[in-house]
Amino acid sequence: MYIVITFLIAIVALLLVFWGARVLLGGTWVMGFLRGSVGLVFFGLALWIVLVAADVYSYRNLANEHSVGIVSFRKIAEQQFEVKFSDADGISQKFELYGDQWQLDARMLKWQGPLARWGIEPAYRLDRLSGRYLTLQDERIRERSVHQIDGTNYGVDIWQFVRGFDKNLPFVDAVYGSATFLPMEDGAVYEVRISHGGLLARPLNQQATSALDGWQ
C-alpha cells in the first residue's frame, strides 16, 4: 500500500517538474526573472515532494499486531548494559544503555478521513532505544543514554512536519508508540510487538520473567 502512496507522490513531483520546465523554457524572456523564479519554485517543490515520498516509504505498514524485534541484555557493570536489538528482518545492532530500565519508541503515522476510509493502515518506523534510572537523583546526576534505531536519511522528516502543526492535519496524525519501561537484567531477553495502540514488550526467558516479577 505504501508503494502506491509513494508512487502517487512521485507522479505529483513529476508534474511539478514538467510545469517548471514549461515555465522556464516556454515563451519569451520578457518576464525572465519572474518566469525563472516561478520555475525554480516548481523544481524546488518537486524535490521536496520526492524527499517526502522517500521518507514515507521508509515506514512500514501496520495491518496487524506483529513482532518488530528481540532485545537482549548483557551486564557490563552496575547500571550499565550491552543491549543487542535484532529487528524483524534479522538485522542486529548493539548499544550501551545506562540505568535500571529500558524503553523502545516508534514513530507512527495514523491516516484519517478519506485515507482511513480507503483502508490505508497506519505506518510505523522504529525510533529510539533509551535507558532510565529508578531514582530521581540518579536521573539527574548519572549518565543518560538514548540511541537512534532508525532515522531518516533524506533530510526531510514528515513525522516532525506533521507534529509541528498546532492542530492535527485532517488526513494524518503523527504519534509516538512506546513500550512501557521494563527492567534491564543480565541475560534477559524480550520480544517487542507492535499494534495500532503502540509497542508492547514481553519476556522470552526466565531472567526477563524474574526481573519483571521482582519489579512489579
Side-chain angles (χ1 to χ4, degrees), residues 2 51-52 54-62 65-77 79-111 121-136 138-165 168 172-204 208 211-212 215:
Y2 287 93
L51 294 176
V52 168
D55 190 56
V56 170
Y57 187 67
S58 70
Y59 284 75
R60 299 187 179 208
N61 185 43
L62 178 55
E65 179 180 320
H66 62 272
S67 175
V68 298
I70 303 295
V71 185
S72 57
F73 297 86
R74 182 177 69 85
K75 189 172 184 178
I76 301 174
Q79 295 180 310
Q80 182 181 358
F81 293 83
E82 180 186 82
V83 184
K84 180 180 178 182
F85 175 72
S86 301
D87 66 19
D89 297 324
I91 299 175
S92 297
Q93 302 179 65
K94 288 186 177 181
F95 310 96
E96 280 192 13
L97 283 186
Y98 296 91
D100 305 293
Q101 300 173 328
W102 67 279
Q103 183 183 61
L104 182 65
D105 299 318
R107 295 182 173 195
M108 301 180 70
L109 293 173
K110 293 189 174 182
W111 310 102
E121 300 287 350
Y124 76 93
R125 187 173 71 198
L126 297 179
D127 186 31
R128 60 190 183 185
L129 179 68
S130 58
R132 185 179 74 170
Y133 296 93
L134 279 176
T135 68
L136 182 59
D138 281 344
E139 277 287 293
R140 288 175 174 172
I141 66 174
R142 304 205 61 166
E143 185 172 356
R144 305 287 298 276
S145 52
V146 179
H147 300 282
Q148 197 74 25
I149 296 291
D150 190 9
T152 179
N153 297 315
Y154 308 105
V156 171
D157 191 337
I158 188 62
W159 189 88
Q160 286 288 3
F161 177 78
V162 174
R163 292 272 288 191
F165 284 85
N168 293 338
V172 64
D173 190 17
V175 298
Y176 256 123
S178 300
T180 304
F181 272 105
L182 295 176
M184 291 190 282
E185 183 67 35
D186 188 32
V189 181
Y190 296 88
E191 178 190 29
V192 182
R193 301 182 66 84
I194 192 167
S195 68
H196 289 194
L199 294 172
L200 174 68
R202 297 172 177 169
L204 287 186
L212 281 174
W215 174 65

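Along the sequence shown, residues carry numbers from 1.
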Seminar exercise, completed: Closest non-hydrogen atoms of Ser178 and Gln103, given as atom of the first, atom of the second and distance, are CB-NE2, 3.7 Å
Exercise. So among Glu185, Glu82, Glu96, which one has a salt bridge (charged side-chain N to carboxylate O under 4.0 Å, His left out) with Arg74?
Worked result: Glu82
Problem set entry | Side-chain heavy atoms of Leu212 within contact of Pro183, under 4.5 Å | yes
For this session: Could you name each residue pair satisfying ring-ring contact (aromatic ring centres under 6.0 Å, His included) that touches residues 87-110, not counting sequence neighbours?
Result: Phe73-Trp102, Phe95-His147, Trp102-Tyr190
For this session: Mind listing the closest non-hydrogen atom pair of Ala208 and Pro203 along with its distance?
Result: CB-CB, 3.6 Å
Problem set entry | Heavy-atom closest contact (Lys110 atom, Val175 atom, distance) | CE-CG2, 4.0 Å
Seminar exercise, completed: For Leu104 and Phe85, the nearest pair of non-hydrogen atoms, with its separation, is CD2-CE1, 4.0 Å
For this session: Look only at the side chain of Asp186 and the backbone of Lys75, and say whether a donor-acceptor pair between them is shorter than 3.5 Å.
Result: yes
For this session: State, yes or no, whether a side-chain contact exists between Asp100 and Met184 at a heavy-atom distance under 4.5 Å.
Result: no
Problem set entry | Side chain to side chain, Glu139 and Arg144, heavy atoms closer than 4.5 Å | yes
Exercise. Nearest heavy-atom pair of Tyr133 and Gln79: which atoms, and what distance?
Worked result: CD2-NE2, 3.6 Å
Exercise. Is the side chain of Asp89 donor-acceptor paired with the backbone N or O of Ile91 at a distance under 3.5 Å, no angle test?
Worked result: no
Exercise. Any side-chain heavy atom of Lys84 within less than 4.5 Å of one from Ser86?
Worked result: yes
For this session: Side-chain contact test, heavy atoms from C-beta onward, threshold under 4.5 Å: evaluate it for Leu199 versus Asp105 and give yes or no.
Result: no
Exercise. Where is the tightest heavy-atom contact between Ala106 and Ile194, given as atom of each residue plus distance?
Worked result: CB-CD1, 4.4 Å
For this session: Please check if the side chain of Asp138 supplies one atom and the backbone of Arg142 the other of a donor-acceptor pair under 3.5 Å.
Result: no
